[in-house]
Visitor: 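Quick one: the structure is below, questions incoming.
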Amino acid sequence: MEEKAYQIILEAGERGLLQSDLWRKLGVNSREGSRIAMKLEKRGVVRRMKELYKGRWTYRLFANAKEKVEVKWDTLGGCPCFTCTQISRCGAGQPISPNHCWKLTEYINKSVNEAP
Ligand code: SF4
């Protein structure tokens, strides 16, 4: 459930999403939703910003930027995105997304397994 919550928050991008929207998407009650959000915050993968929404205080959730990794062009050979016919329609929060792409996942897994 936490992983699913994190994916939803990640896909919300820079605008983030309200805690209540996360609960709705997860199909959990506010107590369970708050517990998940606090757990993700404690793990350091999500930050919560207090926000006044429709006269009530709530939190907006944002995925924390991942650790910066230096990417070298010569390590990107074979990345399916460079030749993908769906690239113009692909993006976080879209029906076609890198978060759910088996071709990209396969490429990354292969690259990790072949890393020195
Ligand atoms: S993530 Fe997948 S669908 Fe998106 S551009 Fe790359 S290969 Fe294509």
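Note that ligands are numbered from 1 as they come in the structure, with each ligand's atoms numbered from 1 the same way.
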Visitor: Might you point out which heavy atoms bring Trp23 and Ser30 nearest each other, and give the distance in Å?
Guide: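 Residues Trp23 and Ser30, closest heavy atoms: CZ3-CB, 3.3 Å.
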Visitor: Does one side chain, of Gln19 or Arg48, offer a donor that lies under 3.5 Å from an acceptor on the other?
Guide: yes
Visitor: With side chains defined as the heavy atoms from C-beta onward, is the minimum distance between Gln7 and Lys4 less than 4.5 Å?
Guide: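 No, too far: nothing below the 4.5 Å cut-off.
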Visitor: So, is Cys84 placed with an N/O/S atom under 2.8 Å from atom 8 (Fe) of ligand 1, counting both backbone and side chain?
Guide: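 Looking at Cys84, which is the residue asked about, there is an N, O or S atom under 2.8 Å from atom 8 (Fe) of ligand 1.
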Visitor: Measuring from atom CD of Glu51 to atom CH2 of Trp57, what distance do you get when rounded to the nearest 0.5 angstrom?
Guide: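 CH2 of Trp57 is found 8.5 Å from CD of Glu51.
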Visitor: Salt bridge between Glu106 and Lys103, side-chain N to carboxylate O under 4.0 Å?
Guide: no
Visitor: Considering the heavy atoms of Leu104, write down every atom of ligand 1 situated less than 4.0 Å from one of them.
Guide: 1 (S)
Visitor: Return the option from Ser97, Cys101, Cys81 holding the heavy atom at the smallest distance from atom 6 (Fe) of ligand 1.
Guide: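 When every heavy atom of Ser97, Cys101, Cys81 is considered, Cys81 comes closest to atom 6 (Fe) of ligand 1.
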Visitor: For atom 3 (S) of ligand 1, what's the nearest protein heavy atom and its distance?
Guide: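 For atom 3 (S) of ligand 1, the nearest protein heavy atom comes out as Ile96 CG2, 3.6 Å.
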Visitor: Examine all N, O or S atoms of Cys90, backbone included, and report whether one is under 2.8 Å from atom 4 (Fe) of ligand 1.
Guide: yes
